[in-house]
Amino acid sequence: MRGLVAALFGPLRADAKADRIVPPSGVTGHLVVLAAAAMAFLAVFALALSLASGRLAERWGDELAQSATIRISAPAETRAAQTQTALRILETTAGVAFARALDMSEQQALLAPWFGDDLDLASLPVPQLIEIVQEDGGFDATGLRLRLEAEVPGAVLDDHAQWRAPLVEAAGRLKTLGTVSVVLLAGVMAAMVTLAANTALAANAQVIGVLRLVGASDSHIANAFVRRFTLRATAGAAGGCVIGLAAVLMLPRASDMGGFLTGLGFQGLQWFLPVLIPVIAGAVAFCATAWAARRVLREVA
């Protein structure tokens with residue numbers, strides 16, 4: 001185990017003076033820093049968006065799981081009687097914590113976003129709605145439907161299952177999308193670092209030949225390149241991560257009125273997740289540069 005750790009982190013513990021054997025990378029080095037910073041910035045937002053979307057979908061799913069609605073479509077002369085019958089049934093239904101019939105103003109407020117505040121419900125055949133709040137264990141929806149069919153012919157029970165299932169599925173997909181986005185960003189950064197390392201090594205082929213003549217081993221030369229590109233990628237990713245977190249902090253806070261467009265960010269221990277981004281960037285740069293260095297050194301042998 002100790003040998004594996006030494007093999008992985010040995011180049012990073014090397015003397016900083018070893019970097020002097022590698023000529024300045026110029027534009028190539030700056031490209032690594034810029035690419036790492038951009039990828040880290042995008043990774044922060046990918047994480048923030050996926051986590052916030054997942055929280056929103058889970059919250060909606062939990063709220064819908066604890067509520068249900070009965071819709072009574074009946075003639076005006078029998079609607080009140082059927083409403084009272086449905087409420088009596090709910091009072092004796094196990095798992096129902098609370099039930100009440102919505103008044104006319106509440107139903108008008110529900111329809112206002114689509115039809116405006118001037119809608120006259122008295123002139124429309126709008127059904128009577130009954131709000132149901134379930135206990136933690138829920139109620140037997142099948143049994144309640146059978147009782148309603150027998151005693152309240154115009155009642156339809158909606159336990160929100162058809163709305164809850166897509167939200168729970170969306171939460172899982174959004175979390176997966178965030179993970180895939182981070183992996184893709186890591187892959188793009190690995191490609192950029194590999195290209196930069198290949199360019200730097202190819203441009204310094206003569207220097208590598210001279211170093212070999214004076215006794216420098218390929219591992220010593222490779223370690224110098226690995227250390228330089230790994231540290232630059234880590235520093236760039238750290239800078240991009242800080243800028244990304246600052247941008248996330250500037251976004252609007254969570255709001256019930258704002259819906260999906262507010263509350264994009266991290267909560268609780270989730271704030272520690274972006275700290276892993278520079279670590280992942282450094283590990284990706286380490287592996288990509290080590291592979292590129294050893295491959296190019298074999299070719300210029």
Side-chain angles (χ1 to χ4, degrees), residues 50-175 252-264 267:
S50 63
L51 291 173
S53 301
R55 287 195 305 269
L56 182 63
E58 289 174 359
R59 177 167 62 84
W60 284 351
D62 292 340
E63 291 177 354
L64 291 175
Q66 296 298 321
S67 65
T69 304
I70 290 180
R71 184 177 70 254
I72 299 178
S73 300
E77 59 272 14
T78 62
R79 188 179 306 165
Q82 291 196 24
T83 300
Q84 293 302 318
T85 303
L87 289 173
R88 286 197 298 270
I89 292 174
L90 293 172
E91 290 176 358
T92 60
T93 301
V96 175
F98 174 75
R100 71 181 185 92
L102 273 64
D103 58 31
M104 194 68 69
S105 61
E106 290 176 308
Q107 296 193 180
Q108 185 167 358
L110 292 175
L111 297 174
W114 289 272
F115 299 102
D117 296 328
D118 300 330
L119 177 66
D120 184 11
L121 294 185
S123 61
L124 297 175
V126 177
Q128 174 65 55
L129 298 180
I130 297 178
E131 176 188 7
I132 304 173
V133 178
Q134 306 179 43
E135 295 178 349
D136 292 338
F139 59 82
D140 181 8
T142 302
L144 180 57
R145 283 192 177 94
L146 291 176
R147 292 187 63 186
L148 291 173
E149 288 177 3
E151 301 183 42
V152 189
V156 177
L157 173 64
D158 181 5
D159 60 0
H160 300 162
Q162 62 176 337
W163 307 104
R164 185 169 65 250
L167 288 173
V168 174
E169 183 180 0
R173 290 187 177 183
L174 286 170
K175 291 178 182 179
R253 298 296 90 192
S255 170
D256 292 336
M257 298 300 295
F260 180 76
L261 297 178
T262 60
L264 299 180
Q267 292 183 357

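The shown structure was predicted, so the numbers you read here are calculated from the model rather than taken from an experiment.
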For the atom pair CD (Gln84) and CD1 (Ile89), what is the distance rounded to the nearest 0.5 Å?
11.5 Å

Could you tell me the separation between the CD atom of Gln128 and the CG atom of Asp103, rounded to the nearest 0.5 Å?
8.5 Å

Please name all residues satisfying side chain to side chain contact (heavy atoms under 4.5 Å, CB included) with Arg173, sequence neighbours left out, ordered by chain then number.
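Scan of Arg173 (side chain to side chain contact (heavy atoms under 4.5 Å, CB included), adjacent residues dropped) gives Glu169.
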
Mind listing the closest non-hydrogen atom pair of [X] and [Y] along with its distance?
X: Leu87; Y: Ala101; value: CD2-N, 4.2 Å
X: Val152; Y: Ala86; value: CG2-N, 4.0 Å
X: Phe139; Y: Ala94; value: CB-O, 3.2 Å

Run the side-chain hydrogen bond (donor to acceptor under 3.5 Å, both in side chains) test against Ser73 and tell me which residues pass, sequence neighbours left out.
none

Partner set under side-chain hydrogen bond (donor to acceptor under 3.5 Å, both in side chains) for Arg71, not counting sequence neighbours
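Partners of Arg71 under the side-chain hydrogen bond (donor to acceptor under 3.5 Å, both in side chains) test: none.
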
Among Ile70, Thr93, Asp158, Thr69, whose side chain to side chain contact (heavy atoms under 4.5 Å, CB included) with Ile132 holds?
Ile70

Can you check whether [X] reaches [Y] side chain to side chain, under 4.5 Å on heavy atoms?
X: Val96; Y: Gln134; value: no
X: Thr83; Y: Ile130; value: yes
X: Thr92; Y: Arg147; value: yes
X: Pro127; Y: Arg79; value: no

Exercise: do Arg145 and Thr142 side chains pair donor with acceptor under 3.5 Å:
no

Taking it one step at a time, do Leu90 and Leu144 satisfy side-chain contact (heavy atoms from CB on, under 4.5 Å)?
CA-CA 8 Å; Leu90 293 172; Leu144 180 57; 3.9 Å; yes

